[in-house]
Q: 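Structure below; questions to follow.
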Amino acid sequence: MTTIERVPAFENTFARDLADMFEPWAATVVERPELLVLQDDLATELGFDPDWLRTADGVRFLVGNLELPGMQTVAQGYAGHQFGGFSPRLGDGRALLLGEVIDTNGARRDVHLKGSGRTRFSRGGDGKAAVGPMLREYVIGEAMRALGIPTTRALAVVATNELIPRDEMLPGAVLCRIAASHLRVGSFQYAATMSHDHVRRLADYAIERHYPHLAGTDDRHLAFFHAVMNVQASLIAKWMSVGFIHGVMNTDNMTISGETIDYGPCAFMDTYSPTTVFSSIDHQGRYAYGNQPHIAQWNLARLAETLLPLLHPDKDESIRIATEAINEFPALFERQWESSMRAKLGLTPDSPAQAGLFHSLLTLFESHRVDFTNGMRALSDVVRGRRERMHALFDMPLAFDAWVRPWLDAVNTDTRDANDIADAMDTVNPAYIPRNHVVETALAAASKGDLAPLDSLMDVLLDPFHERDGLQDYARPMPSDWEGYQTFCGT
């Protein structure tokens, strides 16, 4: 029996306030759902009793087959530029918003399904999802959170015990995803295909939900745009600081809240190169590692286009205002990125080092094909007076020694003890990231019913900055026989 004490109260402000932005819909019935992953801490934070979520009723809820009080399931509409081409009607083709809950911190959060069956937005797809890609959302999302990067989270992954056709028949699953909201740049593009009033209502809703301090001000829509630019500049800088490549930075995958969303063809870079691409569908390298700040600005320009009628009644003046705003993004990003690099190199905001020092280190890494994560982690050993680990990463260690002097000169202006500086560096340079080959091996085992490698991997990834004996395999770069590795979107 479902009691109100065991589940949170659901609300539906999105459906209540934003007519025409969704289609009412119901999840496909799953005959034999089986819980694979449940995050107890997140469940409790949302107001769920984890023990109840493990019951038959709880698992039915997690695939959308049990309606709780206050729920109103809808498929959200959005548009999007996908690899530069505009699609005016995308939407939740295999997803449903179950509603919103107020968590124990007082924050409003979406409870959302992925892989819950066809909707009116499906565009010919089957609306299903496979176990591997849904567990990938769980693995990468939790790893990103442990790395301090804003992200959506997986509450649960439930196997459907059916086979779904992809390149081969794969076991199916449903993901229950939690987000600050699912509002995207593509949501605004969808609203703009209908009317200026739809854009205004969506913008005011987004302001009230994510930036309430801006509500009621005369220039709130311009201030809203600046706020979204700021959170995205911070987010992309954090991605870059750990070598993360999103892989599919379409406008429908850029959130208004500043959370990372959609872990389909994402990957983490091994050998440093700004041209690194893993996505099987990114043939031109549009979303390569080094392009991500430029694509973020491009996407934000598409958001600005939808807001033009709200910025000024005169079209030319609104374009001038928007252009002036969007041109600020490179400097916003550069400040965030430089702040991250200073921390990674043990430098204070007041140290004399210039940005050229950071760029020259990365050029050095690229020239000598140094593993990005291991190279950054080894810098703290150098501060402690030991260069063996760093030298082992270079085919010509003298190249690093030629670079190191101005950096150490800048570090030495700090009054802190060298060990304290090095320890601080180890809190921002992870020892462990989701290495692509390790993730794929764990997901392949999980798809066959063996969750042990996945559990072991998560034990490592949830504590990424604490180096431990016996975990060397989790820190090794991708083996040579994985050359040419590609990621896929899972649809």
Q: Should the pair Arg184-Asp252 be classified as a salt bridge under the 4.0 Å nitrogen-to-oxygen rule?
A: no
Q: Looking only at non-hydrogen atoms, find the nearest pair between Pro33 and Val59 and report the distance.
A: CB-CG1, 3.6 Å
Q: Quick one, Asp92 with Arg118, criterion salt bridge (charged side-chain N to carboxylate O under 4.0 Å, His left out). Give me CA distance, side-chain angles, the key distance, then yes/no.
A: CA-CA 9 Å; Asp92 286 336; Arg118 286 178 50 81; over 6 Å; no
Q: Would you say Gln486 and Ser279 are linked by a side-chain donor-acceptor pair, where the criterion is simply a distance under 3.5 Å?
A: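 No pair is found: no donor N or O on one side chain lies under 3.5 Å from an acceptor on the other.
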Q: For the residue pair Phe121 and Tyr190, does the interplanar ring angle fall in the parallel (under 30°), tilted (30 to 60°) or perpendicular (over 60°) class?
A: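 Perpendicular, since the angle between the ring planes exceeds 60°.
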Q: Rounded to the nearest 0.5 Å, what separates atom CG in Leu66 from atom CG in Leu62?
A: 9.5 Å
Q: Does the ring of Trp298 carry Arg286 above it, NZ/CZ under 6.0 angstrom from centre and within 45° of its axis?
A: yes
Q: For Asn299 and His81, test the side chains for any donor-to-acceptor distance below 3.5 angstrom and give the result as yes or no.
A: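 There is no such pair (donor and acceptor under 3.5 Å, judged by atom type) between the side chains of Asn299 and His81.
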Q: Distance only, no hydrogens: is a donor on one side chain within 3.5 Å (strictly under) of an acceptor on the other, for Ser273 and Tyr289?
A: no
Q: Hey, can you tell me if Phe365 and Tyr272 have their rings parallel, tilted or perpendicular (30° and 60° cut-offs)?
A: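 Perpendicular.
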Q: Return the orientation label for the Phe14 and Phe22 ring planes: parallel under 30°, perpendicular over 60°, tilted otherwise.
A: tilted
Q: Between Phe268 and Phe244, is the gap from one ring center to the other below 6.0 Å?
A: yes
Q: If I compare all heavy atoms of Ala154 with all of Leu42, which pair ends up nearest, and what's the gap?
A: O-CD2, 3.7 Å
Q: May I have the step-by-step check of salt bridge (charged side-chain N to carboxylate O under 4.0 Å, His left out) for Arg201 and Asp204, ending in yes or no?
A: CA-CA 5 Å; Arg201 286 192 286 113; Asp204 287 342; over 6 Å; no
Q: Check the orientation of Tyr485 and Trp482. Use parallel for under 30°, tilted for 30 to 60°, and perpendicular for over 60°.
A: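 Tilted, since the angle between the ring planes falls between 30° and 60°.
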Q: Measure from the side-chain N and O atoms of Asn250 to the backbone N and O of Asn253, and report whether any donor-acceptor pair falls under 3.5 Å.
A: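 Not a single qualifying donor-acceptor pair exists.
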Q: Assign the ring pair Tyr211 / His213 to parallel, tilted or perpendicular, where the plane angle (0 to 90°) is split at 30° and 60°.
A: perpendicular
Q: Which heavy atom in Arg136 sits nearest to a heavy atom in Leu443, and how many Å separate them?
A: CB-CD1, 3.7 Å
Q: If you round to the nearest 0.5 Å, how far is NE2 of His221 from CG of Leu214?
A: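 Taking CG in Leu214 and NE2 in His221, the distance rounds to 10.0 Å.
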Q: Considering only heavy atoms from C-beta outward, does the side chain of Asp270 approach that of Arg369 to under 4.5 Å?
A: no
